[in-house]
Amino acid sequence: MANIIDGKAIARRFKDTLKEEVNFLKGRSVKPGLAVVLVGDNPASLVYVKAKGKACEEIGINSFQYTLHKDIAQKELLWQISELNNDAKVHGILVQLPLPDHLDEELILEAISPEKDVDGFHPVNIGRLVIGKPLFQPCTPMGIMKLLEDTGMELAGKDAVVAGRSNIVGKPVALMLLHKNATVTICHSKTLNLREKVKKADILIAAVGRPHMIKGEWIKQEAVVIDVGINRLDNGKLVGDVEFEEAQKRAAFITPVPGGVGPMTIAMLMHNTVEAAKRQSSGYR
Ligand code: NAD
């Protein structure tokens, strides 16, 4: 029976350490600040933004929330970002995705200064990740790597399979695994025979967004399974991409949904914000 990777507890530990670090910084007149920009009233986004605000409060990070009208002109949003780029109290800027259709997401993300891009989505930060010289890395993949680290498993030489190739999860986590010397296979919607690939995985990262699409009997004995998927069933229950009960019988370690990757994402956002504050304050470079 697999060990359950308790993302909630691991995230708690991270946040406790960050809290101490923030206290230390405050003693030196540095108060980390995170600006969260929400456009419109997407209910899921509202929940995420609220959770981020709560985490800031817990840790002692200044949280600046901007809720902008769903019809805001692109020019106006760009102006708002430029104001935040120039605001010394704001060390990290996050634009909550998805944006309404009339806004050019790429252009908006590129407008954030790479030094304040705590979501790690700016092309400069993605490029730095590619060459193995990261500044800010995307939070969910970073959280996944911390969970893997917590298992104590050596990643070098392991066969890792990443199901999903999004810019926010699949691609960056594949790069991070590669930098740890795993042999990485990236699977996606056009991949043939996913089952055979999963069966060979010492490490499986499931980031597709389809309930239980990865069958428990595909899991290799003693594999580490990180389930990123968050899927709500008709009965309201939240489940991952992996058939948990069956997979648990074969894996050495597995994350639950909820309580696995989710809490780590916010903890890593807080980590990036504290790092941004340190970088932007003289004496901490
Ligand atoms: P996405 O929709 O952008 O990407 C899904 C990926 O799955 C695509 O790259 C696609 O090619 C791939 N895919 C589709 N069908 C496939 C198949 N049959 N076999 C293999 N790959 C297939 O999704 P995303 O934004 O990367 O998110 C993935 C899941 O992770 C979602 O459930 C999302 O809610 C969840 N998520 C969780 C967190 C968290 O903090 N826990 C953060 C981000 C995303």
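Numbering of ligands and ligand atoms starts at 1, following listing order.
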Residue [X] vicinity, atoms of ligand 1 by number, heavy atom under 4.0 Å:
{"X": "G262", "result": "40 (O), 41 (N)"}
{"X": "T265", "result": "39 (C), 40 (O)"}
{"X": "V169", "result": "26 (O), 43 (C), 44 (C)"}
{"X": "G209", "result": "29 (C), 31 (C), 32 (O)"}

If you measure from each heavy atom of [X] to ligand 1, is any distance below 4.0 Å?
{"X": "A207", "result": "yes"}
{"X": "R210", "result": "yes"}
{"X": "I168", "result": "yes"}
{"X": "M213", "result": "yes"}

How far is [atom] from its nearest protein heavy atom, and which residue and atom is that?
{"atom": "atom 42 (C) of ligand 1", "result": "T140 OG1, 3.3 Å"}
{"atom": "atom 33 (C) of ligand 1", "result": "I230 N, 4.3 Å"}
{"atom": "atom 1 (P) of ligand 1", "result": "S166 CB, 4.1 Å"}
{"atom": "atom 20 (C) of ligand 1", "result": "H188 O, 3.2 Å"}
{"atom": "atom 5 (C) of ligand 1", "result": "V208 O, 3.4 Å"}
{"atom": "atom 10 (C) of ligand 1", "result": "S189 N, 3.9 Å"}

Quiz item: If two hydrophobic side chains count as joined below 4.5 Å and joins carry through other members, does V161 share a cluster with F244?
Solution: yes

Quiz item: Cluster question for you: counting only ILVMFWY and a side-chain heavy-atom cut-off of under 4.5 Å, with indirect links fine, are M176 and I203 together?
Solution: yes

Quiz prompt | Partner of N125 under side chain to side chain donor-acceptor pair (under 3.5 Å), chosen from D117, D119, N272 | solution = D117

State whether the number of non-hydrogen atoms from other residues, nucleotides or ligands found under 6.0 Å of [X] atom [atom1] is greater than 12.
{"X": "K26", "atom1": "NZ", "answer": "yes"}
{"X": "N235", "atom1": "CG", "answer": "yes"}
{"X": "E105", "atom1": "CD", "answer": "yes"}
{"X": "K215", "atom1": "NZ", "answer": "yes"}

Practice problem: Kindly say whether H91 contributes a backbone atom to a donor-acceptor pair with the side chain of Q280 at under 3.5 angstrom? | Solution: yes

Practice problem: For ligand 1, indicate whether the residue K190 contacts it via side chain, backbone, both or neither (heavy-atom separation under 4.0 Å). | Solution: neither

Practice problem: Determine, step by step, whether K199 and E196 satisfy the salt bridge (Lys or Arg N to Asp or Glu O under 4.0 Å) criterion, reporting the C-alpha distance in whole Å, the side-chain angles of both residues, the deciding distance to 0.1 Å, and the verdict. | Solution: CA-CA 5 Å; K199 280 191 150 194; E196 292 316 310; 5.2 Å; no

Practice problem: With rounding to the nearest 0.5 Å, note down the distance linking CG in L107 to CG in L99. | Solution: 11.0 Å

Quiz prompt | Full working for side chain to side chain contact (heavy atoms under 4.5 Å, CB included) between L109 and L97 | solution = CA-CA 10 Å; L109 294 180; L97 301 179; 4.2 Å; yes

Practice problem: Please work out which of N231, V228, I186 has its closest non-hydrogen atom nearest to atom 38 (C) of ligand 1. | Solution: V228

Quiz item: For ligand 1, is there an N or O atom under 3.5 Å from any N or O atom of R165?
Solution: yes

